[in-house]
Amino acid sequence: MGGVTEAGVMENAEVKSEELFRVAVIGSGNWGSVAAKLIASNTVKQSMFHDEVRMWVFEETLPNGRKLSETINQENENVKYLPGIKLGSNVVADPDLLNSVKEANMLVFVTPHQFVEGICKRLVGNIRPDAEAISLIKGMEVKTEGPCMISKLISEMLSVNCCVLMGANIANEIAVEKFSEATIGYRQDKEAAQRWARLFSTPYFLVSAVPDVEGVELCGTLKNVVAIAAGLVDGLDMGNNTKAAIMRIGLREMKAFSKLLFSSVKDSTFFESCGVADLITTCRM
Ligand SMILES: NC(=O)c1ccc[n+]([C@@H]2O[C@H](COP(=O)([O-])OP(=O)(O)OC[C@H]3O[C@@H](n4cnc5c(N)ncnc54)[C@H](O)[C@@H]3O)[C@@H](O)[C@H]2O)c1
Ligand SMILES: O=P(O)(O)OC[C@H](O)CO
């Protein structure tokens, strides 16, 4: 028998294996590994998801001569990017990009932004037709035609719906299960956003969704510009009042700049975790 959960998503105890949502995490750095851990803790508990979480690893040889992906699978730990944290036995590290996505219909992009275009080029024609994506990536591509958001790049290159997830999310803190919040930005598909929220939410990682992809993504990107100014204030020992002023004025400028780029951006987004909270966290780091 099926039912509708609090998040408004169909729960069905008897879903056939091929109907389950299958997740691939594309990226296995510090945040990618924590994202895989969060997701894996949910896929084992929620019947709508297949337990296994495939995590694509950009293969590296460790100083001891072992391959990173093999070590992750043997020790259930990303010894290079997230040492000391078990990922969950249902996380499978896979150095083959196309193999890691071939069965997945939920693609989580979490690499440094400069690698996304190359990754998407390799994925074209090699993902499931029903795949949807979410980007956890901070930053944007600046092309001769102007700035291009990473979610747009993914969505246009792969013809998929792409949400974003941003917030005051220092990966190492979430890895040890310290409480934090995050914001999902979605375009029209609220049901997809709720599914992503279910995939990521835990008692220590509270996820909410707002219909403002560009606003959420620009918050995650532009806060780093303000953080540079905050760092200068620290370096010059200018004091807390000056730093608070930089953060307040910076937030106002983030909002003005975002609205200049996309008139659809909502004021309220700047009060979500992706906005003021990530700005505070980043300026204090
Ligand atoms: N670390 C955090 O606390 C945090 C929090 C929120 C968001 N983010 C965002 O998440 C994204 C990923 O950051 P991270 O901290 O996980 O990265 P990281 O710096 O820990 O790791 C870098 C990753 O890039 C991979 N890599 C290196 N060369 C590559 C190549 N040529 N092609 C593909 N991959 C390659 C490395 O193997 C590694 O997995 C970034 O956009 C970052 O802004 C990070
Ligand atoms: O440094 P970034 O841009 O990867 O962002 C890190 C998180 O936003 C910290 O909250």
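In each ligand, atom 1 is the first atom listed, and ligand 1 is the first ligand listed.
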Exercise for review: Starting from the C-alpha separation in whole Å, work towards a yes-or-no answer on side-chain contact (heavy atoms from CB on, under 4.5 Å) for Lys143 and Leu153.
Suggested key: CA-CA 11 Å; Lys143 304 198 172 278; Leu153 197 78; 4.1 Å; yes
Interatomic distance, [X] atom [atom1] to [Y] atom [atom2] [nearest 0.5 angstrom]:
| X | Y | atom1 | atom2 | result |
| --- | --- | --- | --- | --- |
| Cys274 | Glu181 | SG | CD | 10.5 Å |
| Thr71 | Leu62 | OG1 | CG | 4.5 Å |
| Leu97 | Arg122 | CG | CZ | 4.5 Å |

Show the short N or O contacts, below 3.5 Å, that ligand 1 makes with protein N or O atoms; if there are none, say 'none'.
unit_1	atom_1	unit_2	atom_2	d
ligand 1	1 (N)	Asn30	OD1	3.3
ligand 1	3 (O)	Ala171	N	2.9
ligand 1	16 (O)	Asn30	N	3.1
ligand 1	16 (O)	Trp31	N	2.8
ligand 1	20 (O)	Asn30	N	2.8
ligand 1	37 (O)	Glu60	OE2	2.8
ligand 1	39 (O)	Gly29	N	3.2
ligand 1	41 (O)	Lys138	N	3.1

Practice item. Taking only Lys NZ, Arg NE, NH1 and NH2, and the carboxylate oxygens of Asp or Glu, determine whether Lys266 and Glu272 approach each other closer than 4.0 Å. Key: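 A salt bridge is absent here (no side-chain N lies under 4.0 Å from a carboxylate O).
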Could you tabulate the donor-acceptor pairs under 3.5 Å formed by side-chain atoms of residues 215-222, not counting sequence neighbours?
unit_1	atom_1	unit_2	atom_2	d
Glu217	OE1	Ser151	OG	2.5
Glu217	OE2	Ile150	N	3.0
Glu217	OE2	Ser151	N	3.0
Thr221	OG1	Gly139	N	3.2
Thr221	OG1	Gly139	O	3.4
Thr221	OG1	Glu217	O	2.9

Practice item. Indicate whether any N or O donor in one side chain lies under 3.5 Å from an N or O acceptor in the other, for Asn99 and Lys102. Key: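 Side chains of Asn99 and Lys102: pair found under 3.5 Å.
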Check ligand 2 for N or O atoms under 3.5 Å from a protein N or O and list each pair with its distance.
unit_1	atom_1	unit_2	atom_2	d
ligand 2	3 (O)	Lys223	NZ	3.1
ligand 2	3 (O)	Asn224	ND2	2.8
ligand 2	5 (O)	Lys138	NZ	3.2
ligand 2	5 (O)	Lys223	NZ	2.9
ligand 2	8 (O)	Lys138	NZ	2.3
ligand 2	8 (O)	Lys223	NZ	3.1
ligand 2	8 (O)	Asp278	OD1	2.9
ligand 2	8 (O)	Asp278	OD2	3.0
ligand 2	10 (O)	Gly167	O	3.4
ligand 2	10 (O)	Asn169	N	2.8
ligand 2	10 (O)	Asp278	OD1	2.6

Practice item. Mind running salt bridge (charged side-chain N to carboxylate O under 4.0 Å, His left out) on Glu103 and Arg54 for me, showing each step along the way? Key: CA-CA 9 Å; Glu103 292 189 288; Arg54 283 260 147 190; over 6 Å; no
Cut-off 3.5 Å, no hydrogens considered: what does the side-chain donor-acceptor table look like for residues 248-261, sequence neighbours left out?
unit_1	atom_1	unit_2	atom_2	d
Ser258	OG	Met254	O	2.7
Lys259	NZ	Asp267	OD1	2.8

